[in-house]
Amino acid sequence: MLWNKDLELDITSYGNHHIDTIIRGINGRQWRCTGIYGYSEAGQKRHTWTLLRRLAGLFSYPWICCGDYNEILNLNEKTGGNEKNLNAVADFREVVNECNLKDIVCRGYPFTWSNRRFGPHFVEEKLDRFFGSKDWETGPTKLVAYNLDSWCSDHSPIMLKMQVRSRGVSYQRMSRSRVHYEDLWSPYDECKHIVKEEWKGPICGGNNNPV
């Protein structure tokens, strides 16, 4: 994991399949970023889900969990090859829900891994992704993810941009009508007479102060 000098980053735990960090940004806000490398063997994937459950209970900071999970979240995230094991996909979805994570939709090409073969043996899957805790949905930062191109690896890099949400300003129109006065007419004696007579009359809205 790499970071620039503008960030304060503390590594809270790490292992062969994860690295967990707490980050303090330029604005002083703290959040959590966890990198995951999921087990690729079908019989070992349960260890990835156990790891995620344990990590989810450690902190309450806004959380970004990202990496190569070696599993798809939806059946349409694979093309080619053998049919996907439905139980494996269901297990992944279950742990994501239990950890209160939400898939951050990526822009760009829909798949992040391929077996780099040709013809009928070509397989593509979306194995790499970002998840975010629900804190990000209402916070001041908007998360935008991208799937990037790669020519030298079977995995495509993924990128997350953090953007400050734009807040629209609403204005409430005053219910009382405004009184306009054009100074062009003030030199005329008739104008002075009209203003004097109107000044003596009742003021609209019940306000006794004519100004």
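Numbers for residues simply follow the sequence, beginning at 1.
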Checklist entry - Among all residues two or more places apart in sequence or in another chain, which pass the side-chain hydrogen bond (donor to acceptor under 3.5 Å, both in side chains) test with D20? => result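 Listed in chain order: T12, R32, T34.
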Next on the checklist: Can you list everything that forms a side-chain hydrogen bond (donor to acceptor under 3.5 Å, both in side chains) with D128? Sequence neighbours excluded, please.
Outcome noted: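 Per chain and number, D128 pairs via side-chain hydrogen bond (donor to acceptor under 3.5 Å, both in side chains) with T112, H155.
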4.5 Å side-chain heavy-atom contact, [X] and [Y]:
X	Y	result
W63	L101	yes
P62	K134	no
D149	S156	no
K126	Y109	no
L55	I36	yes
R93	L73	yes
W31	M162	yes
W113	V123	yes

Consider only side-chain heavy atoms of I, L, V, M, F, W and Y, link residues closer than 4.5 Å, and tell whether [X] and [Y] are in one cluster.
X	Y	value
W49	V89	no
L51	V96	yes
Y61	W3	no
I19	I64	yes
L148	L127	no

[X] side-chain N/O to [Y] backbone N/O, donor-acceptor pair under 3.5 Å:
X	Y	value
D103	V105	no
D154	R116	no
N147	G108	no

As an exercise, state the distance from [atom1] of [X] to [atom2] of [Y], rounded to the nearest 0.5 Å.
X	Y	atom1	atom2	value
M159	R107	CE	CZ	10.0 Å
K45	E71	NZ	CD	3.5 Å
L7	N4	CG	CG	4.5 Å
L143	W136	CG	CH2	5.5 Å
S133	K102	OG	NZ	11.5 Å
R29	T141	CZ	OG1	5.0 Å

Item to check | Working for side-chain contact (heavy atoms from CB on, under 4.5 Å), residues I23 and D10 | outcome: CA-CA 7 Å; I23 299 173; D10 295 322; over 6 Å; no
Heavy-atom count check: over 12 atoms from other residues, nucleotides or ligands less than 6.0 Å from [X] [atom1]?
X	atom1	answer
F122	CZ	yes
N76	CG	yes
R117	CZ	no

Next on the checklist: Pair V95, N97 - check side-chain contact (heavy atoms from CB on, under 4.5 Å), show working.
Outcome noted: CA-CA 5 Å; V95 71; N97 291 331; over 6 Å; no
Checklist entry - What pair of heavy atoms forms the shortest contact from N115 to H121, and how long is it? => result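 Looking at all heavy atoms of both residues, the shortest contact is ND2-O, 2.7 Å.
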Next on the checklist: Under 6.0 Å between ring centres: does that hold for Y146 and F130?
Outcome noted: no
Item to check | side-chain contact (heavy atoms from CB on, under 4.5 Å) assessment of Y69 paired with F131 | outcome: CA-CA 11 Å; Y69 294 89; F131 290 109; 3.3 Å; yes
Next on the checklist: What verdict does the side-chain contact (heavy atoms from CB on, under 4.5 Å) test give for R129 and C66, after you've listed the backbone C-alpha separation in whole Å, the side-chain angles of each residue and the deciding distance to 0.1 Å?
Outcome noted: CA-CA 6 Å; R129 65 197 327 130; C66 58; over 6 Å; no
Next on the checklist: Just by distance, no angles: are the side chains of H17 and T48 close enough, under 3.5 Å, to form a donor-acceptor pair?
Outcome noted: no
Checklist entry - Is a side-chain donor-acceptor pair under 3.5 Å present for E77 with N74? => result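 The answer is yes; a qualifying pair exists.
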Next on the checklist: Under 4.0 Å between a side-chain nitrogen and a carboxylate oxygen: does that hold for K78 and E83?
Outcome noted: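 The answer is no: the pair does not qualify as a salt bridge.
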Checklist entry - Only one of T21, I22, L2 clears side-chain contact (heavy atoms from CB on, under 4.5 Å) with L9; which? => result T21
